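What follows is a set of notes on a single structure, which appears directly below.
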2 protein chains.
Amino acid sequence: MQDDFPALTLEIMDLVGDKWTLLLVYTLGEGAMRFSELKRRASPISQKMLTQTLRGLERHGMVDRSVLPTAPPQVEYALTGLGRTFLSAASVICQWTKDNLEELQAARTHFDSARLAA
Amino acid sequence: MQDDFPALTLEIMDLVGDKWTLLLVYTLGEGAMRFSELKRRASPISQKMLTQTLRGLERHGMVDRSVLPTAPPQVEYALTGLGRTFLSAASVICQWTKDNLEELQAARTHFDSARLAA
DNA sequence: CCGAATCCTAGAAGATACTG
DNA sequence: CAGTATCTTCTAGGATTCGG
């Protein structure tokens, strides 16, 4: 896999290199959800960024969008199979981050105070 | 873990939410390396972004920087223990991306052509 | 209720020149 | 060799307004 790093990291950044994608994937991991509920759960995301991020996820085949034939219209979003396996993979990073929160915090504090002295 | 998503995703984006961090971590995963070699291997990164990204990694305790007492000075960068466990976690996403490249590509093509029609 | 369109600003990132 | 400093460009993302 070594030789594919550049291309793969570019692809990954294209997938989740923005501010909200990861949060939305995790939120949708709790179940299919409508636009407004998603907006509440992923607060403080703006409508614009919610729409924009959802379009990106849809484009990558990670999220399925279905318009319910009601009035007023309701739109439901759900992870696809691809989205679910992605969530599983992403959970590993999430768990790592949780497990190492204190060490990360300590490293930052140490680095910052050392820099302040200089 | 569910309730920690917002905070964790923010933390993750702080760690690897920029353009070059992931690539550098992967590159350093192949072994300790000097500035110039790193710059070559992570091409086309600029000196500025290389320095800046390395400082960030150092700050997070993921990379160790050591100045060799030679003339001209040589500086070697290496993953710390924390950096290595992070790399392991990140590899899962990397592998997922590799395994699903075709499906991702197909989803994008399909989405884009559907949009073009409209 | 869901989302498109527009405007605007902060910060990311590239290019270039210079230093111990 | 390994940076720092400055300048410019570009784009992500927030605020707001409007439409079906």
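Letters go in sequence order (proteins before strands), and every chain restarts at 1. Note that the coordinates shown come from a computational prediction; the quantities given were computed from them, not determined experimentally.
- Straight-line distance from the NZ atom of B/Lys39 to the C1' atom of D/dG3: 12 Å, rounded to whole Å.
- Phosphate proximity of C/dG3 to A/Tyr77: present, with a side-chain N or O under 4.0 Å from OP1 or OP2.
- For C/dG3, one of the phosphate oxygens OP1 or OP2 lies less than 4.0 angstrom from a side-chain nitrogen or oxygen of A/Arg55.
- Between B/Arg34 and B/Glu37, none of the side-chain N atoms (NZ, or NE/NH1/NH2) sits under 4.0 Å from a carboxylate O, so this pair counts as no salt bridge.
- Remark: P of D/dG14 and CG of A/Leu50 are 12 Å apart, rounded to the nearest angstrom.
- Closest to the A/Arg34 side chain, of the nucleotides C/dA4, D/dA2, C/dC2, is C/dC2.
- Atom P of nucleotide C/dC1 and atom CE of A/Met33 are separated by 16 Å, given to the nearest angstrom.
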Could you write out each protein N or O paired with an N or O of nucleotides 10-17 of chain C at a distance under 3.5 Å?
residue	atom	partner	partner atom	Å
C/dA13	OP1	B/Lys19	N	3.0
C/dA13	N7	B/Lys48	NZ	3.2
C/dG14	OP1	B/Lys19	NZ	3.0
C/dG14	OP2	B/Trp20	NE1	3.3
C/dG14	O6	B/Lys48	NZ	2.7

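- The pair B/Glu30-B/Arg84 does not count as a salt bridge, with every side-chain nitrogen at least 4.0 angstrom from each carboxylate oxygen.
- Here the nucleotide nearest the side chain of B/Phe35, chosen from C/dG3, D/dC1, D/dG3, is D/dG3.
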Evaluation steps, side-chain hydrogen bond (donor to acceptor under 3.5 Å, both in side chains), between B/Asp112 and B/Thr109: CA-CA 5 Å; B/Asp112 291 345; B/Thr109 303; over 6 Å; no

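- Of the residues listed (A/Thr21, A/Leu24, A/Val25, A/Leu28), the one engaging A/Val63 in a side chain to side chain contact (heavy atoms under 4.5 Å, CB included) is A/Leu28, and it is the only one.
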